[in-house]
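Presented below is the structure to which this report refers.
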Amino acid sequence: MDRVGQGRGNSWWEYFGFAAKVLRTKHRDADFFMGHDMHGFLIARLLAWIYRKPLIYHCHEYVDRSTGSQLNWGGRLVYFFQEYFARTADLVIVPDVDRARLMMVEFKLPRTPLVVTNSPMDAVAFSGEKLHQALENKGKRFERVVIRQGSVGPSHAIETTLQSIPLWANKKWGFVILGP
């Protein structure tokens with residue numbers, strides 16, 4: 001499987017450059033095409049259609065309908081493409097069960113998405129023992145630790161997460177942010 005990366009910016013010129021790079025490096029003999037998140041999915045959908053190959057949609061950064069309507073015009077265009085064509089994917093992969101449920105309803109998916117956790121912290125978060133021990137070794141003790149993984153920046157809901165802290169059930173909970 002070949003992976004085509006993209007630049008750090010999010011301008012239309014960079015996106016078109018990314019699309020051109022994908023189209024130049026595609027392989028006719030690929031077994032399938034996989035698109036990561038809604039921008040990558042758009043290009044993977046096009047290639048899967050051209051070459052009549054299976055399509056996999058790996059949706060990590062899920063944008064729901066209400067957030068999609070708040071994007072700039074280009075983002076809304078890509079969102080609506082995702083909303084319409086997600087159901088055409090042969091397989092949809094998401095990192096958690098809640099996202100799978102939301103996408104099933106919102107995108108009218110014909111099959112339940114495959115849940116594949118994507119964080120090395122996920123296994124630790126369920127038992128918590130190793131994480132709590134590491135924190136205690138640093139002199140920190142928390143009843144629970146809330147881990148927020150993902151990019152930190154505009155349109156990534158960090159503000160909502162931070163605003164929720166006063167509403168948490170216990171003031172003895174720790175908060176960890178992971179991501180670029």
Side-chain angles (χ1 to χ4, degrees), residues 1-27 30-51 53-122 125 147-161 176-180:
M1 180 169 73
D2 289 338
R3 179 185 174 113
V4 179
Q6 76 180 66
R8 295 194 178 273
N10 60 3
S11 74
W12 274 107
W13 286 115
E14 286 185 347
Y15 182 68
F16 288 133
F18 166 70
K21 184 177 180 182
V22 170
L23 294 172
R24 278 192 315 270
T25 59
K26 70 196 176 317
H27 297 281
D31 293 326
F32 61 88
F33 289 98
M34 177 185 290
H36 182 74
D37 291 337
M38 65 184 191
H39 291 83
F41 175 65
L42 189 152
I43 297 164
R45 173 71 251 157
L46 176 65
L47 290 170
W49 176 73
I50 290 170
Y51 294 106
K53 300 288 184 171
L55 173 65
I56 299 173
Y57 179 25
H58 181 244
C59 183
H60 177 97
E61 297 292 337
Y62 173 65
V63 176
D64 67 9
R65 186 171 287 132
S66 64
T67 305
S69 66
Q70 297 172 16
L71 297 172
N72 63 30
W73 70 268
R76 283 193 308 271
L77 178 69
V78 173
Y79 169 81
F80 289 116
F81 179 92
Q82 170 198 236
E83 183 175 32
Y84 184 77
F85 286 104
R87 67 183 69 98
T88 69
D90 297 284
L91 175 65
V92 176
I93 301 171
V94 296
D96 60 77
V97 174
D98 292 332
R99 191 165 320 188
R101 285 188 202 119
L102 286 171
M103 289 178 68
M104 283 284 300
V105 172
E106 189 164 313
F107 298 150
K108 299 178 179 91
L109 299 177
R111 291 171 293 285
T112 303
L114 175 64
V115 176
V116 178
T117 57
N118 59 4
S119 168
M121 295 300 290
D122 286 339
I147 299 173
R148 196 272 186 196
Q149 180 192 355
S151 294
V152 178
S155 77
H156 288 279
I158 188 67
E159 296 87 358
T160 305
T161 305
V176 175
I177 300 175
L178 298 171

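Side-chain contact between F33 and I43 is absent, with no heavy atoms from C-beta onward closer than 4.5 Å. At a threshold of 4.5 Å between non-hydrogen side-chain atoms, the residues R111 and V92 do not count as touching. Side chains of F41 and F81 form a contact here, defined as non-hydrogen atoms less than 4.5 Å apart.
R87 forms no cation-pi arrangement with F85, by the criterion of a distance under 6.0 Å to the ring centre and an angle within 45° of the ring axis.
Note: K53 NZ to D90 CG = 12.0 Å, rounded to the nearest 0.5 Å. With rounding to the nearest 0.5 angstrom, the CD1 atom of I50 is 10.5 Å from the CZ atom of R45. Taken to the nearest 0.5 Å, the CG atom of L42 stands 12.5 Å off from the CG atom of D37. Between atom CE of residue M103 and atom CD of residue E83 there is a gap of 10.5 Å, rounded to the nearest 0.5 Å. Rounding to the nearest 0.5 angstrom, the gap separating the CH2 atom in W49 from the OG1 atom in T88 is 12.5 Å.
For the residue pair V94 and A100, the shortest heavy atom distance occurs at CG2-CB, 3.8 Å. The two residues F107 and A86 come nearest to each other via the heavy atoms CD1-CB, 3.8 Å. Contact detail for P54 and A48: the closest heavy-atom pair is O-CB, 4.2 Å.
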